[in-house]
Structures are given as structure tokens and as C-alpha cells.
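Before any comments, here is the structure.
Order of the sequence lines sets the chain letters (A, B, ...), proteins ahead of strands, with each chain counted from 1. None of the values given here were measured: they were computed from a predicted structure.
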Amino acid sequence: MRILLIHADRFSFRVTGETSVAMPSELQKASPEGEVAECLVVFMAAEKGDEADIDSVVSQVTGEILSLAGQVGTDHLVIYPYAHLSSTLSPPRVAVRLLDEICRHLQGRDHLKILRAPFGYYKAFEIACKGHPLSELAKTIIPVRQTEGSAKAEESEALKAEKTLKSEWMIITPDGEQVSAEDFSFSTRPNLERLFRYEKSGTRISDQAPPHIELMRRMELVDYEPGADQGNFRWYPKGQLMKRLAETYVSRLVVGHGGMQVETPIMYDYQHPKLSLYLQRFPARQYVLLSDQKEYFLRFAACFGQYLIQHDMQISHHHLPCKLYELTHYSFRREQSGELAGLKRLRTFTMPDLHTLARDMEQAKEEFIRQTNLAIQCMEGFGLDFEVAIRFVRDFADQNRPFVEELAACCSRPTLIELWDERFFYFVAKLEFNFIDALDKAACLSTVQIDVENTERFDITYVDQNGEKQHPLLLHASISGSIDRVLYAILETQAMRMKKGQKASFPFWLAPIQLRLIPVSEKFNDACRQVLEKVPYRIDYDDRDISMGRKIRDAEREWIPYILVLGAKEVEEHCLNVRTRDGAQRKMTVPELLSEIESQMNEKPFLELPLPKRLSRRPIFVG
RNA sequence: GCCGGCGUAGCUCAGGGGUAGAGCAACUGAUUCGUAAUCAGUAGGUCGCGGGUUCAAAUCCCAUCGCCGGCUCCA
């Protein structure tokens with residue numbers, strides 16, 4: 001940071017216009033004009049690199065100012081952002097933060113009178129420099145990298161709070177019985193015990209890579225992309241198909257539940273007064289994008305976009321509960337590099353995000369239960385097993401016993417409860433469905449939360465029976481959790497089955513290839529083509545010039561649910577020889593086969609195969 | 001982000017200061033096949049990228065990127 005200090009007999013300024021980095025919030029913190037008699041004027045410009053250690057820059061700058069003010073004997077200070085002091089300016093966000101901090105520190109000295117000029121505006125000024133030896137001083141302040149102990153000083157309030165946060169762990173059974181988690185007999189719920197130990201101590205033991213990583217590549221679903229930032233994957237046709245199917249399924253569930261689907265921007269103004277307040281609770285966890293001079297952050301969920309819509313909506317009590325839904329394609333979280341893990345944790349991911357405005361706590365609880373049931377239905381559709389954890393602020397749980405018991409009952413399994421003495425976050429209740437993977441590690445999928453803070457912060461209101469504006473309660477829900485993570489859970493589930501010696505398989509509606517025709521020899525290619533036309537599912541045929549045994553093997557390794565072998569016998573008898581994942585072979589007609597499949601689709605979405613139907617025409621994406 | 005391990009052909013991996021290796025896949029040919037791998041041949045590599053040491057580096061050293069694990073973290 002560069003500073004220029006001038007001891008003056010007189011100083012005045014006034015704002016004349018906005019620059020490209022103007023932000024309205026500055027005008028609330030600083031005056032648009034001002035005039036002082038005898039004073040010390042501090043011109044300053046934040047430079048690139050200052051963000052490496054804000055605290056050190058602030059303490060050095062305030063040190064310089066206080067020392068000079070003492071020497072020249074003045075109590076009047078003018079803090080004046082002046083970009084022209086440097087040719088390597090910091091981002092505006094950093095500059096404003098430095099200004100704020102410096103002013104805050106100086107204001108701590110009661111005797112000082114401080115006048116602050118706004119950042120980001122053109123200003124006219126007049127100055128009368130005293131001209132004595134100490135009256136002019138220019139300095140360059142360089143951040144001192146702090147030692148490791150204090151490097152975490154930037155830690156946000158919320159994170160600090162979480163560290164000191166004490167919690168109690170309970171288990172509640174579906175019939176409402178509650179015991180301390182330490183005393184609960186986990187013998188029938190080994191995964192619940194794993195979740196509890198994992199949540200309580202946070203340590204894990206593993207020396208292997210999660211098995212879904214090999215599977216996602218071998219099955220040609222998803223892969224790393226070395227040309228992108230870490231945690232940004234490439235999706236091959238089969239993976240992209242499964243992803244779209246999963247997305248379609250979840251979106252249909254939510255819209256069926258009353259969610260009004262919207263789409264909101266993926267990037268937001270870093271200086272937006274309301275958003276930046278929210279962001280400060282969780283610093284340095286998002287991608288920042290520089291466009292022209294302005295900075296934007298990439299959303300980490302649909303919250304912002306939906307808050308901003310809800311703020312502008314006209315909502316009466318007749319409209320509640322009011323639900324906005326978005327499939328956030330994409331959400332971005334700049335996780336630490338060491339935290340990334342295959343499809344389990346990405347930096348760019350897709351997540352369904354539902355926000356429900358509720359009139360009062362009764363309505364919020366009602367919706368909470370409905371959305372929990374929807375999440376259960378969703379997990380069943382994906383064929384996923386899960387363990388339930390619910391976190392409450394203790395007072396809320398005490399005052400809402402019947403609700404807690406009803407929740408436990410509708411989860412119909414023993415549920416882990418965490419009780420917090422105080423509320424440090426925006427929610428009073430948070431339900432999670434946790435998946436336990438092949439390495440006994442937990443990952444959160446579905447979640448439902450009651451938010452008691454953000455409708456006020458973002459000024460979201462509805463008009464009640466008396467015509468008065470009220471802040472509603474807000475429910476956050478992700479019915480499936482991240483779609484990428486759903487795929488991780490499906491693959492891990494299959495890896496666990498294989499470990500037990502069982503055959504892996506996808507739910508029929510999600511299988512990229514649902515049926516494969518295998519001609520006994522080239523002579524039957526035509527017959528295959530005829531069957532192909534009669535089957536309205538994702539069906540292909542293996543016309544490669546290789547042995548039949550080999551074709552069977554390849555189809556089995558792709559986990560294809562139905563393998564149809566076609567030779568002289570079948571053509572003659574007008575039937576199909578159907579091989580299924582259980583190894584059985586059955587003779588069936590096409591209509592018989594179709595009616596069996598119909599029930600397996602179970603009213604789930606269907607999408608066409610985005611690949612050539614002839615295997616001989618299909619390129620190879622991975623080894 | 002920190003600590004540790006790894007990076008050689010499209011894939012899985014061997015080699016370890018002096019001519020770059022295998023299996024599978026690909027390609028060509030033979031084969032026309034009855035329920036988890038038909039046979040033969042051909043082609044394929046700046047040994048992650050960048051520096052350094054050396055007569056000589058895939059090999060040793062430094063730096064960097066990526067992957068995996070642990071810590072931390074997951075609004």
C-alpha cells in the first residue's frame with residue numbers, strides 16, 4: 001500500500017462522479033463532501049499483494065499515521081482513497097476492506113476526529129500544505145507474511161464459533177425413544193455407528209482410493225480434465241446421460257411437490273451490500289472472477305439468486321408456502337485442493353436447490369416433514385441406502401418435541417441427533433441424509449433446513465391478513481444433494497456389492513445401455529436391426545467381428561441389464577434368448593420382454609442413447 | 001492450504017546414468033463363431049511439464065503441475 005501524508009492548514013473535497021468501481025455502500029460509510037481546517041490528510045492506494053496479509057498492512061499504516069499525527073500535534077485526520085499513488089492497484093474489494101479496517105482502528109482512539117472520503121468516486125479537492133519539514137511524507141507499506149500461528153487470523157466468525165461450539169449426541173428411534181449416542185446399541189445399524197464416530201471425532205482411516213474413481217473412468221462416465229482447474233470434470237456420453245436422467249428425475253419430483261422452477265445467474269457482484277455481508281462469514285471459499293475492473297464471485301448454491309427474486313416478489317399469506325426451485329448447473333465451491341475426492345467432492349457441481357417461504361413455524365415444520373418424505377422417496381428411486389442425522393438448537397428441539405418425534409418416525413430408522421446449546425448458524429434445524437461409502441466414510445446427500453435469519457437480511461416479506469409486512473421463515477432443501485455425489489454413491493454402492501461377490505448393476509432406468517443384441521454371427525445383423533426397431537429403450541447391437549463369448553463378456557462388464565442373443569434358433573422360432581444379470585437365460589417374445597421392462601422403468605424418466613447403436617461405429621473414450 | 005506417496009504407449013504396469021519394455025486396447029489379415037477373453041501380423045512413447053548436474057538423464061538434483069492418502073474443511 002502506498003500512502004502520502006500531508007499536514008495541511010485547510011482541506012476540502014466533494015464527490016463529482018462515479019468511477020467504474022463505484023459502489024453505493026461506500027457513500028453510506030463516507031461523506032460525499034467535507035471540509036476541515038488544520039488536519040493530517042492521508043492519501044492512500046492499496047496495491048496488489050496487500051491481501052496476503054491485511055492485518056499487517058493495517059497495523060503498519062495506522063502506526064505511521066498515529067506517529068506522524070502525534071509529531072505534528074493534530075487530532076484531525078482525513079482518510080482519502082487516491083488511486084494515482086500506484087500503478088499496480090489491488091482489487092477494489094481489498095482496497096475497501098483495508099480502508100474499513102484502517103478507519104476502524106483509528107476510530108478506536110477517542111481523541112481523533114476522522115473524515116473519510118468515499119472509494120470509487122471522482123472527487124475534487126483543495127489543500128493548503130503547511131510546508132514545514134514534517135508536513136509531507138510518502139511511504140510504501142509491504143505486507144509481512146505472518147507466522148503460521150496468526151495466519152488463521154482471517155478466519156470468519158462462523159468458523160471460529162463452530163470450533164467453540166459444544167454439542168450433545170443422541171439417538172432417537174422411530175418410536176420416539178431417546179438415548180445418549182454413547183449408550184446406544186448400534187449392532188443392527190453399523191453404518192449409523194460409523195456416521196456417529198465420523199461426525200464426533202472427524203478422523204478416518206484409509207490408505208486406498210475410493211473405488212468409484214476407477215469405475216467412473218472404466219465405465220466411460222466421467223473423467224478428470226487436466227486442462228481445467230482441479231475438481232472440474234469432463235463428462236462422457238454415458239455419464240452425461242446418467243447425469244441428465246438423475247437431474248430430470250429430481251426436478252420432476254420437486255416440481256411435482258410444488259416447486260416453481262427458475263434459473264438465476266451463476267455470478268454476483270462482490271460488492272453487493274447484502275451479498276458481501278453474507279460472504280464475509282465464509283471468506284476465501286469461492287471463485288472470484290475479474291471482468292473489467294469489477295469482481296464477481298461464482299455462486300456456491302442458488303440461495304442468492306432466489307433471495308433476490310423473493311425480495312422483489314409480491315407475496316401474500318395466501319401464497320404461502322411459496323417454493324422456488326432451481327437445478328444449479330453449476331454451483332462452485334473453491335474447496336482446498338486436498339479436500340477434493342473424485343465425484344464425492346468437486347469444485348464445480350450440479351445441485352437441486354429448493355427454497356420455501358413459510359408463514360410461521362407451524363407451516364415450516366409441516367413443509368419440513370413433507371420435504372423429508374420427498375427426499376426419502378428420491379433416495380429410494382436411486383436405490384441408495386442412507387443414515388439420518390438431524391442437528392437442532394437445543395431450545396428449538398425442547399419446544400418442538402412432537403415435531404422431532406414425527407421426523408424420527410417418518411425416517412423409520414434410528415436417527416442421530418446433535419444438539420447445540422447456542423445458534424451459531426442461520427438455522428435452528430438441519431436434517432441430513434448421509435451415505436456411507438465402501439471405505440466407511442460419510443457423505444451428505446439430501447438436506448432440509450429451517451433458516452431464521454436470511455429473510456430479514458435480504459428483506460424478503462409477505463403481507464399478512466392485516467395488510468402488514470412480515471418476514472417469513474425460510475426452508476432450504478436439496479432433495480437429492482449434489483447430482484455428482486448421487487452418482488458417486490451409486491458407484492460406491494456397486495463397488496460394495498462387487499466386494500461381497502455380487503454382480504454390480506445400475507437401476508434399470510439409469511443404465512446407459514439397457515439392452516444389447518448380440519448376433520451369433522454376421523449373418524444375423526439384419527435380424528438384430530429388426531428387433532432394434534421394436535424396442536423403445538436404450539438398446540444397441542454388437543456387430544463387431546469378434547467371438548460371441550467375447551461380446552457377452554464385454555456386455556457383462558458394462559453391467560447391461562438385458563443381453564439378447566440372436567441366432568438361427570431365435571430367428572426360426574420368432575423369439576429372443578434373454579440373459580439377465582442374475583445369469584439366467586430365458587426364452588421370451590418381444591411383447592413379453594417389453595411388458596417386463598415396463599414395470600422396471602417404474603415411471604422414471606427416459607432419454608435416448610446418445611451413441612451410435614452399432615458397437616463397431618462407437619469410439620473409445622477411455623483405454 | 002500443509003505433510004507423505006505416485007506420474008513411463010490409449011489403459012494397467014515393469015525397468016532405474018549408456019539402443020524404451022510387456023499385457024490389454026487400436027489397426028490389417030485370417031476366422032462366421034451359441035452365453036465372461038479366436039489366431040497371426042502391424043503401428044504406437046520428448047518416460048507429466050520446465051530448469052540443473054554429467055561426456056551421457058526416463059533414471060540423480062531443484063522447481064512446477066496433476067492424481068491418491070492423512071490433516072484441515074464441506075455456507
A:Phe392 vs A:Phe396 aromatic rings, parallel, tilted or perpendicular, using cut-offs 30° and 60°?
->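 It falls in the parallel class, under 30°.
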Are the side chain of A:Glu418 and the backbone N or O of A:Trp169 linked by a donor-acceptor pair below 3.5 Å?
->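 Side chain of A:Glu418 to backbone of A:Trp169, a donor-acceptor pair under 3.5 Å: no, none is there.
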Quick one: does A:Asp353's side chain have a donor or acceptor within less than 3.5 Å of a partner on A:Ala302's backbone?
->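 Yes, A:Asp353 side chain to A:Ala302 backbone: donor-acceptor pair under 3.5 Å.
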Using whole Å, what does the distance between atom [atom2] of nucleotide [N] and atom [atom1] of [X] come to?
X: A:Gln336; N: B:G1; atom1: CD; atom2: C1'; result: 5 Å
X: A:Leu517; N: B:U35; atom1: CG; atom2: C1'; result: 14 Å
X: A:Ile213; N: B:G7; atom1: CD1; atom2: P; result: 18 Å
X: A:Ile450; N: B:A75; atom1: CD1; atom2: C1'; result: 18 Å
X: A:Leu346; N: B:C74; atom1: CG; atom2: P; result: 17 Å
X: A:Arg581; N: B:U35; atom1: CZ; atom2: P; result: 18 Å
X: A:Arg617; N: B:C27; atom1: CZ; atom2: P; result: 12 Å
X: A:Glu339; N: B:A75; atom1: CD; atom2: P; result: 11 Å

[atom1]-based separation of [M] from [N] [nearest Å]:
N: B:C55; M: B:C47; atom1: P; answer: 22 Å
N: B:C60; M: B:G18; atom1: C1'; answer: 15 Å
N: B:C11; M: B:U72; atom1: P; answer: 35 Å
N: B:A9; M: B:G15; atom1: C1'; answer: 15 Å
N: B:C24; M: B:C39; atom1: P; answer: 9 Å
N: B:C74; M: B:A20; atom1: C1'; answer: 45 Å
N: B:C68; M: B:U12; atom1: P; answer: 13 Å
N: B:U42; M: B:C49; atom1: P; answer: 29 Å

A:Leu340 or A:Gln449: which one's nearest nucleotide on RNA chain B is closer to the 5' end?
->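 Checking each residue's closest nucleotide, the 5'-ward one belongs to A:Leu340.
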Closest-nucleotide 5' rank along RNA chain B - winner of A:Phe332 and A:Gly231 =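 The answer here is A:Gly231.
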What is the nucleic acid contact for [X], judged by heavy atoms within less than 4.0 Å: base, sugar-phosphate only, or nothing?
X: A:Ala568; result: base
X: A:Arg217; result: sugar-phosphate
X: A:Lys569; result: base
X: A:Ile620; result: sugar-phosphate
X: A:Asp554; result: nothing
X: A:Gly227; result: nothing

When you measure from the side chain of [X], which nucleotide among [options] comes out closest?
X: A:Lys503; options: B:U35, B:A75, B:A36; result: B:A36
X: A:Lys441; options: B:A25, B:C74, B:G69; result: B:G69
X: A:Arg557; options: B:A36, B:U35, B:C68; result: B:A36

Is the closest basic N to carboxylate O distance between [X] and [Y] below 4.0 Å?
X: A:Arg618; Y: A:Glu220; value: no
X: A:Arg581; Y: A:Glu558; value: no
X: A:Glu556; Y: A:Lys503; value: yes
X: A:Glu326; Y: A:Arg299; value: yes
X: A:Glu453; Y: A:Arg457; value: yes

Once you apply the 3.5 Å cut-off to both distances, tell me the Watson-Crick or G-U wobble partner of [N], or none.
N: B:A37; value: none
N: B:G44; value: none
N: B:U72; value: none
N: B:A25; value: none
N: B:G16; value: none
N: B:G7; value: B:C65

From A:Leu515 atom CG to A:Phe508 atom CZ, the distance as rounded to the nearest 0.5 Å |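 Answer for the CG-CZ pair, A:Leu515 versus A:Phe508, is 5.0 Å.
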Grab the two heavy atoms, one from A:Trp559 and one from A:Met498, that are nearest each other, plus how far apart they are.
->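 Taking every non-hydrogen atom into account, CZ2-CE, 3.8 Å.
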Contacts under 3.5 Å, N or O only, protein and nucleotides 29-33 of chain B:
unit_1	atom_1	unit_2	atom_2	d
B:U31	N3	A:Asp545	OD1	3.3
B:U31	N3	A:Asp545	OD2	3.1
B:U31	O4	A:Asp545	OD2	2.1
B:U32	O2	A:Glu522	N	3.1
B:U32	N3	A:Glu522	OE2	3.2
B:U32	O4	A:Glu522	OE2	2.8
B:C33	OP2	A:Lys523	NZ	3.4
B:C33	N4	A:Asp545	OD1	2.8

Confirm from the modelled atom types if [X] and [N] form a donor-acceptor pair under 3.5 Å, side chain to base only.
X: A:Arg345; N: B:C73; value: yes
X: A:Glu570; N: B:G34; value: yes
X: A:Arg553; N: B:A37; value: yes

Phosphate oxygens OP1/OP2 of B:C67: is one of them under 4.0 Å from a side-chain N or O of A:Gln230?
->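 Checking A:Gln230 against B:C67: at least one side-chain N or O falls below 4.0 Å of OP1 or OP2.
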Considering just the side-chain nitrogens and oxygens of A:Arg347, establish if one lies under 4.0 Å of OP1 or OP2 belonging to B:C74.
->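 False: A:Arg347 side-chain N/O out of range (4.0 Å or more) of B:C74 OP1/OP2.
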How about A:Tyr562 and A:Glu596: does a side-chain donor come under 3.5 Å of a side-chain acceptor?
->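 Present: a donor and an acceptor within the cut-off.
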